[in-house]
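Note sheet for the following structure.
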Amino acid sequence: MKQIFISLLAASGLALATSQAQAQTTFGIGPKIGYTLSSASFTVADYPDYFSTPSTYGSGFEAGVVAQVGFGNHFALQPAVLYTRKAPGYGTSSYYQPNNYSYKQEYALKLNYITVPVNLLYSQRPNGRGGQVFVGPYVGWLLGGTYTSSTGSGRGTSVSGGATSSGDVKPGDTYSKNSTYYIRQLDAGAQIGVGYGFAALQVQASFSLGLHNIGAAYAPNAGNPYEAPVIRNRGFQVSAAYLFGPRN
């Protein structure tokens, strides 16, 4: 009797797996374009207490191709390959009360990435239609970019004057004192979002949080008195995609 029960259970599981496999054959692919609002956390472990590290958000965009592989009626994987422009801003601000002296340095960057997110999506209706929630990891490879930097100082809490500079951003693990700003090439993190799927059009909004430090280390000859900063990307994305399919 036990063997019969196990056989029936195995047969039921096989039948269920077969029916799920038949329902897991949907596929769609199409273009995706969106707006990005990005920033980055910027921390230096050994900064004195009178230093702060504010950050700002900058506008960018993303464009590429997204696919959707359906698993059953409500779940799907959505991998994408995107060209992404991130525009984080960050810097250092300090006021040293014993000398009544203030200093500020700010960076505004435009970073160009190839980004590959892979999201697990749940939708109200089959083929990604209706309300959506999704979550997944992403990996990005820095292609390069540009930066502008401004510095200022002054007595009291006000900052004035100073100098501005600009240059290229290049992938690299270390940098020294020159006009090139280096960022580690690999970026990786997670994102979560919501959306809505129509017949072919999908509109989504998401938040991404970088988990990998993209801050380059100082070269031995850099002469910086503090540790290299730990920098992690973060930002919001609003996008639209048009999928050809899904189809069986």
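Counting begins at 1 with the first residue of the sequence.
Here the side chain of Arg232 pairs no donor or acceptor atom with the backbone of Gly189 at under 3.5 angstrom. The backbone N or O of Ala87 sits less than 3.5 Å from a side-chain atom of Ser38, completing a donor-acceptor pair. Although no hydrogens or angles enter the test, the distance criterion places a donor-acceptor pair under 3.5 Å between the side chain of Asp46 and the main chain of Glu227. Of the possible polar contacts, none joining the Gln105 side chain to the Thr151 backbone as a donor-acceptor pair under 3.5 Å is found. A donor-acceptor pair is defined here as one N or O able to donate and one able to accept, closer than 3.5 Å; such a pair exists between the side chain of Asn213 and the backbone of Ile231. The closest donor-acceptor contact from the side chain of Gln185 to the backbone of Leu142 lies under 3.5 Å. Although no hydrogens or angles enter the test, the distance criterion places a donor-acceptor pair under 3.5 Å between the side chain of His74 and the main chain of Ser123. Remark: side-chain polar atoms of Gln132 are paired, donor with acceptor, to backbone N or O of Gly128 under 3.5 angstrom. In this structure a side-chain-to-backbone donor-acceptor pair under 3.5 Å is present from Thr36 to Arg85. With Ser102 contributing its side chain and Gly156 its backbone, the two residues share a donor-acceptor pair below 3.5 Å.
Looking only at side-chain heavy atoms (C-beta outward), Arg234 and Ser208 stay at 4.5 Å or farther from each other. Taking the side chain as every heavy atom from C-beta outward, Gln202 and Gln78 approach each other to under 4.5 Å. A heavy-atom distance below 4.5 Å is not found between the side chains of Ile114 and Leu82. Phe71 has its side chain out of reach of Thr26: every pair of non-hydrogen atoms, C-beta onward, lies at least 4.5 Å apart. Side-chain contact between Ile29 and Leu243: absent, with no pair of heavy atoms (C-beta onward) separated by less than 4.5 Å. For the pair Glu62/Ile33, no side-chain contact is recorded, criterion being any heavy-atom separation below 4.5 Å from C-beta on. Side-chain atoms of Pro88 and Leu111, non-hydrogen and from C-beta on, do get closer than 4.5 Å to each other. Under the 4.5 Å side-chain criterion, counting only non-hydrogen atoms from C-beta, Tyr218 is in contact with Pro229.
Pairing each heavy atom of Gly89 with each of Ser39, the nearest pair is O-OG, 4.2 Å. Contact record, Gly131 with Gln124: N-OE1, 2.7 Å, taken as the closest heavy-atom pair. Smallest separation of non-hydrogen atoms from Phe244 and Pro31: CE1-CD, 3.9 Å. Scanning both residues, Val169 and Ile183, for their nearest heavy atoms gives CG1-CG1, 3.9 Å. The nearest pair of heavy atoms linking Thr148 to Ser166 is CG2-CB, 3.9 Å. The minimum heavy-atom distance between Lys32 and Ser239, with the atom names listed, is CE-OG, 3.1 Å.
The side-chain contact (heavy atoms from CB on, under 4.5 Å) test applied to Val194 returns Val133, not counting sequence neighbours. Applying the side-chain contact (heavy atoms from CB on, under 4.5 Å) criterion to Val135, with sequence neighbours excluded, gives Ile192. For the side-chain hydrogen bond (donor to acceptor under 3.5 Å, both in side chains) test, residues two or more places apart in sequence or in another chain that qualify with Tyr47 are Thr92. For Leu120, the side-chain contact (heavy atoms from CB on, under 4.5 Å) partners two or more places apart in sequence, or in a different chain, are Phe75, Leu77. Listed by chain and number, the residues in a side-chain contact (heavy atoms from CB on, under 4.5 Å) with Thr115 are Thr84, Tyr113, Pro117, Tyr138 (sequence neighbours excluded).
Applying the salt bridge (charged side-chain N to carboxylate O under 4.0 Å, His left out) test to pairs two or more places apart or on separate chains, those with a residue in residues 182-193 are Lys86-Asp187, Asp173-Arg184.
Defined by atom type and a distance below 3.5 Å, a donor-acceptor pair is missing between the side-chain atoms of Thr53 and Tyr90. Gln237 and Gln204 are not linked by any side-chain donor-acceptor pair at a separation below 3.5 angstrom, with hydrogens and angles left out of the test.
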- Task: Could you give me the CA-CA distance, side-chain angles and deciding distance for Tyr50 and Tyr96, then say whether side-chain contact (heavy atoms from CB on, under 4.5 Å) is met?
- Result: CA-CA 6 Å; Tyr50 57 87; Tyr96 188 56; 3.5 Å; yes
- Query: Yes or no on ring pair (Phe, Tyr, Trp, His ring centres under 6.0 Å) for Phe207 and Phe236, after CA distance, side-chain angles and deciding distance?
  - Reply: CA-CA 5 Å; Phe207 174 76; Phe236 299 91; 5.0 Å; yes
- Task: Apply side-chain contact (heavy atoms from CB on, under 4.5 Å) to Leu186 and His212, showing your working.
- Result: CA-CA 8 Å; Leu186 179 65; His212 182 71; 4.3 Å; yes
- Task: List the steps and the verdict of side-chain contact (heavy atoms from CB on, under 4.5 Å) for Tyr196 and Leu201.
- Result: CA-CA 8 Å; Tyr196 195 90; Leu201 178 67; over 6 Å; no
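Aromatic rings of Tyr226 and Phe51 (six-membered ring for Trp) have centroids within the 6.0 Å cut-off, being under it. A centroid separation of 6.0 Å or more is found between the aromatic rings of Tyr101 and Tyr95.
Transitive grouping of hydrophobic side chains (ILVMFWY, heavy atoms separated by less than 4.5 Å) keeps Val139 and Leu211 in distinct clusters.
Interatomic distance, Tyr181 OH to Asp168 CG, rounded to the nearest 0.5 Å: 14.0 Å. To the nearest 0.5 Å, atom OG1 of residue Thr146 and atom CG of residue Leu109 are 7.5 Å apart. Between Tyr35 atom OH and Leu37 atom CG the span is 4.5 Å, to the nearest 0.5 Å. Considering OH of Tyr122 and CZ of Phe134, their distance stands at 15.5 Å, rounded to 0.5 Å. Taking OG from Ser94 and OH from Tyr103, the interatomic distance works out to 8.0 Å, rounded to the nearest 0.5 Å.
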